[in-house]
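Notes for the one structure printed next.
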Amino acid sequence: LSEMIRALIHRYQKMLEMKEYQFVFASEDSYIVKGDEVKLNQVLYNLINNAIHYCGEDKKIIIRQTEVNGNVRIEIQDHGQGIAKEELPYVWDRYYKTKQHHVRAHVGTGLGLSIVKSILELHHAHYGVESTIGEGTTFWLELPIEKA
């Protein structure tokens with residue numbers, strides 16, 4: 001999983017250099033999970049892409065990987081406008097777009113987080129989102145760690 005995250009960050013390397021985005025990847029260790037590599041890659045790609053689109057003026061995306069009760073927890077955090085508390089339960093719905101106006105125009109189908117939710121549920125993962133208006137948003141997921 002750690003290698004997958006590093007590879008995804010590497011895919012954004014040109015943007016990092018040209019548009020001054022900053023990725024911070026903090027990991028306690030390297031973790032192995034059982035799951036569909038392509039689908040889990042799609043989950044991480046969608047969450048990182050979301051963070052890029054809504055990251056705020058600092059253009060900083062923080063990815064944390066920690067161990068919590070036998071699970072690996074991945075958090076993807078931005079410092080954008082945030083999402084209102086009453087809207088958080090709906091961000092996983094198909095075609096849902098928040099009522100707020102974002103700093104940057106974002107064109108999308110509205111399916112990304114719905115797809116993320118479906119894939120995570122197929123993997124029996126725990127997942128969620130935390131957000132504070134004016135401070136940013138953190139999407140997180142937890143998967144059981146596989147013993148080597």
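FYI, side chains are in, hydrogens and waters are out, and symmetry mates aren't considered; it's all heavy atoms of this structure.
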Discussion item. I'd like to check Leu44 versus Ile5 (side-chain heavy atoms, cut-off strictly below 4.5 Å). Are they in contact?
Written reply: yes
Item to complete: Could you label the plane-to-plane angle of the Tyr12 and Phe23 rings as parallel, tilted or perpendicular, counting under 30° as parallel and over 60° as perpendicular?
Response: parallel
Practice prompt. Enter the distance from Ile48:CD1 to Phe25:CZ here, rounded to the nearest 0.5 Å.
Written response: 9.0 Å
Item to complete: Could you walk me through whether Tyr31 and Leu143 pass the side chain to side chain contact (heavy atoms under 4.5 Å, CB included) test, one step at a time?
Response: CA-CA 10 Å; Tyr31 300 99; Leu143 292 163; over 6 Å; no
Fill in: Beyond-backbone contact of Ile32 with Ile145, side-chain heavy atoms, under 4.5 angstrom
no
Worksheet item: For Ile74, does its backbone N or O pair with a side-chain atom of Glu142 as donor and acceptor, under 3.5 Å?
Response: no
Discussion item. Quick check for you: to the nearest 0.5 Å, what is the distance between Gln65 atom CD and Ser30 atom OG?
Written reply: 7.0 Å
Practice prompt. Could you tell me whether the side chain of His79 reaches within less than 4.5 Å of the side chain of Glu135, counting heavy atoms only?
Written response: no
Worksheet item: Does Ser131 reach the main-chain N or O of Gly136 with its side chain, forming a donor-acceptor pair under 3.5 Å?
Response: yes
Worksheet item: What distance separates Ile115 CD1 from Leu120 CG, expressed to the nearest 0.5 Å?
Response: 12.0 Å
Discussion item. As an exercise, state the distance from CD1 of Ile62 to CD of Gln22, rounded to the nearest 0.5 Å.
Written reply: 8.0 Å
Practice prompt. Find out whether Phe139 and Val116 are in side-chain contact, i.e. whether some heavy atom of one side chain is under 4.5 Å from a heavy atom of the other.
Written response: no
Item to complete: Apply side chain to side chain contact (heavy atoms under 4.5 Å, CB included) to the pair Leu8 and Asn41, showing each step before the final yes or no.
Response: CA-CA 8 Å; Leu8 278 169; Asn41 196 58; 3.7 Å; yes
Discussion item. Is it the case that over 12 heavy atoms from other parts of the model lie below 6.0 angstrom from the CG atom of Asp29?
Written reply: yes
Worksheet item: What residue pairs, at least two apart or across chains, pass salt bridge (Lys or Arg N to Asp or Glu O under 4.0 Å) with a residue in residues 114-132?
Response: Arg73-Glu130
Practice prompt. Apply side chain to side chain contact (heavy atoms under 4.5 Å, CB included) to the pair Val129 and Thr138, showing each step before the final yes or no.
Written response: CA-CA 6 Å; Val129 59; Thr138 301; over 6 Å; no
Fill in: Approximate separation, where rounding is to 0.5 Å, of Gln77 CD and Cys55 SG
11.5 Å
Worksheet item: How many angstroms lie between atom CG of Leu47 and atom CD of Gln42, to the nearest 0.5 angstrom?
Response: 10.5 Å
Worksheet item: Among the clusters formed by ILVMFWY side chains lying less than 4.5 Å apart, do Val43 and Trp140 turn up in the same one?
Response: no
Worksheet item: Are the side chain of Asp78 and the backbone N or O of Thr137 linked by a donor-acceptor pair below 3.5 Å?
Response: yes
Fill in: Close side-chain approach of Leu40 and Val33, heavy atoms under 4.5 Å
yes
Worksheet item: Ignoring hydrogens and geometry, is there a side-chain-to-backbone donor-acceptor pair from Lys59 to Lys19 under 3.5 Å?
Response: yes
Worksheet item: Just by modelled atom types, is the Asp36 backbone N or O under 3.5 Å from a matching donor or acceptor in the His123 side chain?
Response: yes
Practice prompt. Check step by step if side chain to side chain contact (heavy atoms under 4.5 Å, CB included) holds for Ile61 and Tyr21.
Written response: CA-CA 8 Å; Ile61 295 101; Tyr21 284 85; 4.1 Å; yes
